[in-house]
Amino acid sequence: MSAIDKSYNTDTISVNAKIPQISGLSSKSLQESLNEEYSSTVTELLNDFSKTAKTSGEQSSFDVRTAQQYNKNGIYSVITQIDCCSKYAQQNSFRITNNIDTKKCVRLALSDLFSDDSYIDMLNERISEAVANEPDKYIDLWEKPRLGHNQQFYINGKNIVIVYPPYELSYYERGFVEIPLDLESMSGYLKPEYRCLAGN
């Protein structure tokens, strides 16, 4: 993965923006689509935030960070986080999570990993167990976590990590709520081609 560096500084804003660019996919259309999504999302957020910073006159910062979480068995999982911060305003954070089957050259939704819809009840149960097992970690949640439509997730080692954006389950300053779930324990629910995830 490479990056397009859009970093710069003005009197009102410090921008550290390295826009990720995926390369090496056999499907150039998917690759171009993913890279266009990165560029358009970052550019739109930066333009809006720059206007706000210029109008307010506050010293502000805009930061884009990308981290690869998993790259094995033809599965590529990567997170890009965008943080917009000013001195007096509340910080806004956004994430783009992409999980790609590089053999089939498709972007994976959570449902794509599992054999049938029984995974929904199973994962909701595992999420509840994870929260109950670590009460101190999740004490500030004001709502019971459940799987949502187009649920964000990423793969990290032996875990699938369910991601909830700021303010969905807790106060904004807490940031993203992440709930890791052990893949090996749910291998029977995975499609045969994705059971390799449970063994690494």
Side-chain angles (χ1 to χ4, degrees), residues 1-4 18-42 64-82 94-134 137-138 144-165 168-169 176-200:
M1 175 178 277
S2 59
I4 299 173
K18 294 178 175 62
I19 303 175
Q21 296 289 280
I22 292 175
S23 59
L25 295 183
S26 59
S27 170
K28 296 308 176 186
S29 61
L30 174 61
Q31 184 171 292
E32 289 172 3
S33 175
L34 291 167
N35 290 334
E36 173 59 28
E37 178 186 325
Y38 284 127
S39 294
S40 61
T41 300
V42 172
V64 180
R65 303 187 309 278
T66 299
Q68 176 184 297
Q69 301 294 329
Y70 188 89
N71 188 13
K72 292 181 182 178
N73 303 306
I75 306 299
Y76 187 53
S77 186
V78 60
I79 295 176
T80 297
Q81 180 154 328
I82 304 163
F94 308 88
R95 277 188 185 175
I96 304 171
T97 57
N98 275 315
N99 301 278
I100 304 163
D101 183 328
T102 60
K103 294 177 182 177
K104 296 180 180 179
C105 264
V106 294
R107 190 191 307 208
L108 295 170
L110 189 60
S111 59
D112 295 326
L113 299 176
F114 296 93
S115 297
D116 56 53
D117 287 346
S118 64
Y119 84 93
I120 297 173
D121 289 338
M122 181 272 295
L123 284 184
N124 279 328
E125 183 178 336
R126 302 289 174 92
I127 289 169
S128 295
E129 290 173 355
V131 171
N133 289 337
E134 294 189 85
K137 182 178 179 180
Y138 300 110
K144 182 178 180 180
R146 306 282 293 178
L147 291 184
H149 182 61
N150 292 328
Q151 178 67 56
Q152 278 198 313
F153 74 100
Y154 64 89
I155 297 163
N156 185 1
K158 293 184 177 182
N159 293 321
I160 187 168
V161 182
I162 307 300
V163 180
Y164 299 92
E168 183 169 323
L169 297 177
F176 290 87
V177 175
E178 297 188 340
I179 303 177
L181 305 173
D182 178 56
L183 275 162
E184 186 174 1
S185 68
M186 62 182 77
S187 61
Y189 292 86
L190 295 169
K191 290 179 179 176
E193 62 266 38
Y194 297 126
R195 286 176 188 162
C196 58
L197 295 172
N200 291 283

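Residue numbers run from 1 in the order of the sequence given.
- For Glu178, the salt bridge (Lys or Arg N to Asp or Glu O under 4.0 Å) partners at least two apart in sequence or on another chain are Arg95.
- Under 3.5 Å, the side chains of Asn99 and Tyr70 contain no donor-acceptor pair of N or O atoms.
- Between Lys104 and Glu193 there is a salt bridge, since at least one side-chain N of the basic residue sits less than 4.0 Å from a carboxylate O of the acidic one.
- The two atoms that bring Cys105 and Leu25 nearest to each other are SG-CB, 4.2 Å, heavy atoms only.
- In this structure, Asp116 contributes its side chain and Ser118 its backbone to a donor-acceptor pair below 3.5 Å.
- Evaluation of the salt bridge (Lys or Arg N to Asp or Glu O under 4.0 Å) rule for Glu184 yields no partner, not counting sequence neighbours.
- Between the side chain of Arg65 and the backbone N or O of Gln81 there is no donor-acceptor pair closer than 3.5 Å.
- Judged by distance alone, with hydrogens and angles left aside, the side-chain atoms of Glu32 form no donor-acceptor pair with the main-chain N or O of Ser29 at under 3.5 Å.
- No side-chain heavy atom of Val106 sits under 4.5 Å from any side-chain heavy atom of Asp112.
- For the pair Tyr38/Asn98, a side-chain contact is recorded, criterion being any heavy-atom separation below 4.5 Å from C-beta on.
- Within a 6.0 Å radius of NZ in Lys191, other residues, nucleotides and ligands contribute more than 12 heavy atoms.
- Taking the side-chain hydrogen bond (donor to acceptor under 3.5 Å, both in side chains) definition, one finds that Ser26 meets it with nothing, sequence neighbours left out.
- Using modelled atom types, no side-chain atom of Thr97 and backbone atom of Ile79 make a donor-acceptor pair closer than 3.5 Å.
- The shortest non-hydrogen separation linking Val131 to Tyr138 is CA-CD1, 3.6 Å.
- Judged by distance alone, the side chain of Tyr164 and the main-chain N or O of Arg146 form a donor-acceptor pair under 3.5 Å.
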